[in-house]
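Any value given below was found using the heavy atoms of this structure, including those in side chains, with hydrogens, waters and symmetry copies removed. Ligands are counted one by one from 1 in listed order, and the atoms in each one are counted from 1 as well. Just so you know, residue 1 is the first one in the sequence shown, and it goes up from there.
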Amino acid sequence: MEATAVAHPNIALVKYWGKRDLPLNLPAVSSLSLTLSGFSTRTTVTWGAADDRLTLDGQPIDGKEAARVFRFLDRIDPSRPPAHVASANDFPRGAGLASSASGFAALALAATTAAGRSLDRTELSRLARQGSGSACRSLWGGYVRWDRGHDADGFDSVGHPVADAAHWDLRMVVAVVDSGRKKVGSTEGMERSRTTSPYYDAWVDTAEADVDEGTAAVRARDLERLGTVMEQSTLKMHAAMHTSWPPLLYWQPGTVACLHAVHDLRSQGVSAWATMDAGPQVKVLCTPDDADAVRAALLPHAERVHVLAPGGPAELVG
Ligand code: PMV
């Protein structure tokens, strides 16, 4: 009645922002992501314990964060026994580095296994989505597409692989501009954008074409084509964030400095392209050969810089 799983975060190349159904966590748009090696979440679930207990990075956790985890276990079995969940990250949590994606992917795999269930990847993806939308992409390694789906119950809103990590050896250079916890979480932020931003409909209307373009660029291994749609997608998402009310301004001065550094690199002929999530960090896609130059350009504006390669799927390790 105990299982341990490891999962990696994924960074969206074409973004998810906005929900078409809040309780089922169904997205208003499809998205495309890259699962990364280097960062990971390791989660052990003991199914059948004296009480529900959560530790994150060794610290006992209660309140909203614990309620979210145990509500997720209730989805697996509404009449489940109490459970212990111990989860550890080797990177900062809640800072726009996709810790909820790796967290709920690892939890879905460890908890269903501990409960004696054997779900296939698509079923695990559908389950993980209900914990955190982007988690449905971290069940797979490499390049993953999450279709928004059309079913009212969310049955067709799952991740599926476009190409595995070996298909295209790129680097995601992550500039940690500020590792503090983000001010507004993604669920609240998405609802704020949906209900207040005059740009929200334009964001949704152009997203499917961007995901198709990104998917084709991955298949063709065309970095300029992928980078172009990636950077446009992130800037459109942030335009919807900035024009929400109250505004969602996740950017810090270092964020803007990193963006200029990326544009300067491009004007020097380096094929480097930026993306950002619900936080100040800047993630730059480039070839392995250019990763050192990109790292050096970002370093003056960041607390630290990580160079991450495509990673594998979530896996059971015990
Ligand atoms: O899965 P969530 O609820 O943490 O939302 C993720 C939202 C973004 O990171 C901003 C974009 C994305 O597609 O991952």
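Heavy-atom proximity to Ala12, at under 4.0 Å, picks out these atoms of ligand 1: 12 (C), 13 (O), 14 (O). Heavy-atom proximity to Gly133, at under 4.0 Å, picks out these atoms of ligand 1: 1 (O). Within ligand 1, counting atoms from 1 as listed, the ones closer than 4.0 Å to a heavy atom of Trp17 are 10 (C). For ligand 1, the atoms closer than 4.0 angstrom to any heavy atom of Ser100 are 4 (O). Listed by number with element, the atoms of ligand 1 under 4.0 Å from a non-hydrogen atom of Ala278 are 10 (C).
Relative ring orientation between Phe39 and His306 is described as perpendicular, the plane-to-plane angle rising above 60° on a 0-90° scale split at 30° and 60°.
No N or O atom of Thr187 sits closer than 3.5 Å to an N or O atom of ligand 1. Not a single N or O atom of Ser31, backbone or side chain, sits closer than 3.5 Å to an N or O atom of ligand 1.
The shell of residues lying under 4.0 angstrom from ligand 1, judged by heavy atoms, includes Ser132.
A distance of 6.0 Å or more separates the ring centres of His160 and Trp140.
For the pair Leu24/Phe155, no side-chain contact is recorded, criterion being any heavy-atom separation below 4.5 Å from C-beta on. Residues Leu107 and Val85 meet the side-chain proximity criterion, which asks for heavy atoms closer than 4.5 Å.
With Ser193 as the partner, the side-chain hydrogen bond (donor to acceptor under 3.5 Å, both in side chains) test is satisfied by one option alone out of Tyr200, Trp245, Trp203, Trp17: Trp17.
Counting heavy atoms closer than 4.0 Å to ligand 1, residue Met241 contributes nothing at all. With a 4.0 Å cut-off on non-hydrogen atoms, Ser186 touches ligand 1 through its side chain and not its backbone.
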How far apart are the C-alpha atoms of His242 and Tyr199, what are their side-chain angles, what is the distance that settles it, and do they pass the ring-ring contact (aromatic ring centres under 6.0 Å, His included) test? CA-CA 10 Å; His242 292 171; Tyr199 291 0; over 10 Å; no
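Under a hydrophobic-cluster definition in which Ile, Leu, Val, Met, Phe, Trp and Tyr are linked whenever side-chain heavy atoms come within less than 4.5 Å, directly or via other members, Trp273 and Tyr143 are assigned to the same cluster.
Here the shortest heavy-atom distance to atom 12 (C) of ligand 1, taken over Arg137, His238, Met237, belongs to Arg137.
The pair Lys236-Glu231 fails the salt-bridge criterion, with no side-chain N (NZ, NE, NH1 or NH2) lying under 4.0 Å from an Asp/Glu carboxylate O.
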